[in-house]
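Reviewing the structure listed below.
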Amino acid sequence: MNKNGISRRAFLKGGAAVACAAATATIPLTVKALDQEPLATLHDLRKCVGCGECVTACRDMNQRFFPEPVRPFPKMYPKRVKAEDWSEKRDVTDRLTPYNWLTIQQADVKTAEGDLTVYIPRRCMHCVNPPCVKLCPWGAAHQEKNGISVINPDLCLGGAKCQAVCPWDIPQRQTGVGLYLDILPAFAGNGVMYKCNRCYENVAKGENPACIDMCPENVQSIGPRKEMVARAYEIAKEIGGYVYGDKENGGTNTLYVSPVPFEMLNDAIRKGKGLPDLAAKKDVMADGNAMTAALFLAPVAGVVSALSKIALTARRAGLGKEEKKTANPGEVNHES
Amino acid sequence: MNPKTQTMVQRTVFFMLLLSGFAQMPIFKRYYIADIPGFGWLADFAVTHVMHYGFAIVFSFSVFDRLTRSVLEQRQGGEKPWLGDGAYAVLVGGILVSGVLLVARNFIGYRFSPGFITLLDIVHLGLVMVFLVFLSGRVIARRIRSWKR
C-alpha cells in the first residue's frame with residue numbers, strides 16, 4: 001500500500017504508541033514537591049543600630065568555609081579573564097566579598113519628622129525560586145527543603161553566572177580555589193562563588209543562623225514564610241511602613257520592614273559591586289516558566305498535527321478514488 | 001510543509017537550540033564571541049534562556065510530528081522510520097527527557113536532590129556533545145563514501 005493508503009487500524013495503533021511516548025516524555029519522573037514551608041527571616045529596620053554584631057557573628061561562624069587560594073593563580077586565557085582575589089583583603093566588611101557574606105548599608109533620609117538614619121543588613125535574599133540555583137549550568141547550587149540556597153564550593157567552577165542572574169548580584173568570587181584547578185584552569189572557570197548560606201547546617205539542627213542569635217537588638221526573626229510575611233505586613237500597617245522582599249524576584253525568604261519607602265532608602269544607600277540595591281525586581285524565572293505549558297504540550301501537539309495531516313491525506317486519497325469512480329463508472333476496480 | 005523544508009527548518013531550529021544551549025554556560029563573553037556585532041545577546045542569560053525554551057518548543061513539536069508520520073508510514077511497509085536508528089533515537093530522546101526534567105526543576109516548589117541536578121546537567125550537555133560527534137561522524141562517512149565513488 002502507498003503512503004496515502006494507511007489503514008484506520010495502523011493509524012490508530014501507531015498514533016497511540018507515539019502519543020504515549022510523547023506523554024511519557026513530558027512527565028517529570030522524580031520531581032518532588034517542596035515538602036516544607038520555607039523559612040523566612042524578617043528584618044525590622046526600626047531596630048537596627050548598625051552595630052555590626054551580625055557581621056562579626058557571620059564571619060566567625062563561616063570561617064571554616066572561607067577560601068584558602070592556591071598561589072600563584074593559574075594563568076587564564078583569554079587575557080580579559082581577570083583573577084578576583086580577596087584573600088589579602090579579608091577584613092573588608094563594608095561590602096560583600098568571599099570573606100564577608102553580610103554587610104550593613106546605611107541610608108540617611110529626610111522624613112516629615114526630621115532626619116533619620118536607617119541601617120540595612122544585606123546578604124543573600126534566599127529567593128523562593130532562586131535563579132542562582134535554577135540556572136547554574138553545573139548544578140553547583142541547590143535549595144534546601146527549608147528554602148535556603150547553598151553553593152557547593154566543591155562543585156562550583158566560578159563562572160559567576162549565579163552573580164549575573166541574581167537580581168542583587170550577591171555571590172562573590174575568589175580565584176585560585178575549587179574544582180576548576182583540577183580541570184582546565186587556563187580555559188574554564190575562575191574559582192568559587194561565595195554567599196550567605198544562612199547557616200543551613202545550624203538551621204537543619206533547629207538552631208538559628210548566627211546573625212539572628214548574636215543580634216543585641218533582636219532585629220531579625222525567623223519562621224515559616226507565611227507567618228513572617230503576615231507579621232511584616234502587620235508591622236507595616238502599625239507603623240505606616242513598607243515591606244521589601246515579599247514580591248521582589250517573585251518572592252524571597254528575606255523580608256524587610258521599614259518606616260520609610262524603599263525607593264527612598266534605595267536612593268540613599270551606597271550601591272555598586274558587592275553592595276546590593278533595594279530596587280523593585282522582576283521575577284527572573286517568570287518568562288521561561290510562562291512558556292512551560294507550551295513546552296510540555298509541544299510533543300502532544302506534534303503527534304496531533306501528524307495524525308491530522310495523515311487523516312487529511314487519507315481522506316483526500318479516498319475522495320480522489322470516489323471522483324475517479326464517478327468519472328469512469330464502467331471501470332473495473334482491480335484493487336478489490 | 002514538505003519533508004525537505006521541514007528538514008531545513010529542523011536543522012535551523014536545532015542549530016539555534018545548540019547555540020542558546022551553549023550560551024547557558026558563561027563562555028561566549030569570555031571568548032569574545034558576544035563581542036562580535038550582532039552577537040551581544042549571547043551573553044545575556046535572560047535572553048538565551050527564553051530563546052532556548054522557544055526553540056525547544058518548536059523542536060519537540062517538529063520531532064514528534066515527523067516521528068509520528070514516519071512510524072505510521074513504516075507500518076504500512078515504508079522505509080525505516082525517522083530516528084529508526086537506535087542510537088539516534090536514544091540520543092534525541094535522552095536530550096528531550098533531560099531537558100523536560102530541567103524545565104520542571106525551574107518551577108517554584110519543585111526540587112531535585114543536588115546530585116540529581118548535577119547529573120541532569122551533565123547528561124543533558126553530554127548527550128548533546130555525543131549527538132554532535134555522532135552527526136559529524138555521519139556527515140564525514142557520507143563524504144568519504146561519495147569521494148570513493
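Taken from CG in A:Asn129 to CG in B:Asn106, the straight-line distance is 7.0 Å, to the nearest 0.5 Å. Interatomic distance, CD1 of B:Ile117 versus CG of A:Leu155, reported as 10.5 Å (0.5 Å rounding). Rounding to the nearest 0.5 angstrom, the gap separating the NZ atom in A:Lys309 from the OG1 atom in B:Thr68 is 9.5 Å. Rounded to the nearest 0.5 Å, atoms OG1 (A:Thr292) and OH (B:Tyr53) are 5.0 Å apart. Residue B:His52 holds its NE2 atom at 11.0 Å from CE of A:Met291, rounded to the nearest 0.5 Å.
Taking chain A as the reference chain and counting heavy-atom pairs below 4.5 Å, the highest number among B:Val103, B:Leu120, B:Leu119, B:Asp44 is found for B:Val103. Note on A:Gly189, A:Gly251, A:Ala140: by heavy-atom pairs under 4.5 Å with chain B, the leading option is A:Gly189.
Residue contact with chain B, scored on non-hydrogen atoms closer than 4.5 Å, involves the backbone and the side chain of A:Phe187 alike. Neither the backbone nor the side chain of B:Leu102 has a heavy atom closer than 4.5 Å to any heavy atom of chain A. Using a 4.5 Å cut-off between heavy atoms, A:Cys127 makes no contact with chain B at all. For B:Ala46, no part sits under 4.5 Å from any heavy atom of chain A, backbone or side chain. Of the two parts of A:Val284, neither the backbone nor the side chain holds a non-hydrogen atom closer than 4.5 Å to a non-hydrogen atom of chain B. For A:Ala290, no part lies near chain B; criterion is any non-hydrogen pair under 4.5 Å.
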Could you go through B:Leu72 and A:Leu307, starting from their C-alpha distance and side-chain angles, then the distance that decides it, and tell me whether this counts as side-chain contact (heavy atoms from CB on, under 4.5 Å)? CA-CA 9 Å; B:Leu72 287 172; A:Leu307 294 178; 3.7 Å; yes
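Residues of residues 15-30 of chain B having a heavy atom under 4.5 Å from any heavy atom of chain A, listed by number: B:Gln24, B:Met25, B:Pro26, B:Lys29, B:Arg30. Heavy-atom neighbours of chain A within the stretch residues 32-39 of chain B, taken at a separation under 4.5 angstrom, comprise B:Tyr32, B:Asp35.
With a 6.0 Å radius and a threshold of 12 heavy atoms from other residues, nucleotides or ligands, A:Arg80 has its CZ atom above the threshold.
B:Arg69 places no side-chain N or O within 3.5 Å of a backbone atom of A:Ile310 that could act as its donor or acceptor partner.
The shortest side-chain heavy-atom distance between A:Leu135 and B:Phe45 does not fall under the 4.5 Å cut-off. The side-chain heavy atoms of A:Trp138 and B:Asp121, taken from C-beta on, include no pair separated by under 4.5 Å.
Among all heavy-atom pairs drawn from A:Gly288 and B:Val50, the shortest one is N-CG2, 4.1 Å. The two residues A:Pro78 and B:Tyr31 make their nearest non-hydrogen contact at CD-CE2, 3.5 Å. Closest of all the heavy-atom pairs between A:Gly139 and B:Thr118 is O-OG1, 3.1 Å.
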